[in-house]
Every structure is written in C-alpha cells, then in structure tokens.
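See structure below.
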Amino acid sequence: LKANKIKHKMHPKISGSPDVLLKDTHTAVFLHGCFWHKCSKCYKEPKTNKEYWLPKIEKNVKRDRKNVKLLKAEGFLILKVWEHDIRKDFQRVIDKIIN
C-alpha cells in the first residue's frame, strides 16, 4: 500500500477491528486467512482436535459477520481479501484496493 502511495492505517483502533483502514475512501479492509475464517473455496475441516477447532472457527465467522454489519452501519465500505487471492495474484488484490 505504501509503494502505491495509498494512505492507510494498519490495525486501527475502531469498532469492528478491520486489518486496514483507508480513511480517504472510508473503506475497511479485512485480510482473511482461508482456514481461520472458513473460506468457501478452500477451507478444509481439521482432522484432529475438532472439539477445539470447529467452535473456534465458527466463532471467528460469527464475529466477522458482526463486524461487517457494524462497520456498514457506520458507513464504511467493506473489502474482504482472502489469503488464496493474495497468494494467487497479489497485484490484482492491490489493484482492487486502489480502485
């Protein structure tokens, strides 16, 4: 983001806890790990310790929905960036954030 001269704040102390805040466009960006946030494209259920992992991941997903709803109510544009998208085509993700 710095290389593209995009003003941003990492881990801003605002409600909803986005990973990145773009003040100029009033955009909250969430960087989601595919496992931790249950990506619909590549999430694989853990094979071990399911009693721990499944409730934890579901709690993350519920918190994500709550945070998005909260920030939308405050007038933020929401952008979710998935781990697999960053790995696949990082420049495309940057372009998406810029636009």
Roughly how far, to the nearest 0.5 Å, is CG of Leu77 from OG1 of Thr25? 6.5 Å
Smallest heavy-atom separation, Leu22 atom then Lys7 atom, equals CD2-O, 3.7 Å
Trp36 and Lys56: which non-hydrogen atoms are nearest, and at how many Å? CZ3-CE, 4.1 Å
Value rounded to 0.5 Å, distance of CD1 in Ile6 from CD1 in Ile94: 6.0 Å
Side-chain contact test, heavy atoms from C-beta onward, threshold under 4.5 Å: evaluate it for His11 versus Val20 and give yes or no. no
Give the ring-plane orientation class for His37 versus Trp82, where under 30° counts as parallel, over 60° as perpendicular and anything between as tilted. perpendicular
Student check: side-chain heavy atoms of Val29 and Leu79 closer than 4.5 Å: yes
Hey, what do you get for NZ (Lys47) to CH2 (Trp53), rounding to the nearest 0.5 Å? 15.5 Å
To check you understand the geometry: which heavy-atom pair defines the closest contact between His26 and Glu74, and what is its length? NE2-O, 3.5 Å
Calculate, to the nearest 0.5 Å, the distance between atoms NE2 and OG1 belonging to His8 and Thr27 respectively. 13.5 Å
In the structure I gave you, are the side-chain heavy atoms of Asp64 and His32 within less than 4.5 Å of one another anywhere? yes
From CG (Asn67) to CG (Asn60), nearest 0.5 Å: 10.5 Å
For Leu21 versus Pro12, what's the shortest heavy-atom pair and its separation? CB-CG, 3.6 Å
Expected output: side-chain Glu83 to main-chain Cys34 donor-acceptor under 3.5 Å: yes
Straight-line distance of Lys41 NZ to Lys88 NZ, nearest 0.5 Å: 6.5 Å
What I want to find out is whether Lys62 reaches Glu58 closely enough, with some N-O distance under 4.0 Å, to be called a salt bridge. no
Hphob cluster co-occupancy, Ile86 + Ile97, side-chain heavy atoms under 4.5 angstrom: yes
Under the 3.5 angstrom rule, does the side chain of Asp19 hit a backbone N or O of Leu31 as a donor-acceptor pair? yes
When hydrophobic residues are tied together by side-chain contacts of less than 4.5 Å, even through go-betweens, does Phe30 share a cluster with Ile14? yes
Establish whether Met10 and Ile98 are linked, either directly or via other cluster members, by ILVMFWY side-chain heavy-atom contacts under 4.5 Å. yes
Main-chain N/O of Val81 paired to Asp85 side chain as donor or acceptor, under 3.5 Å: no
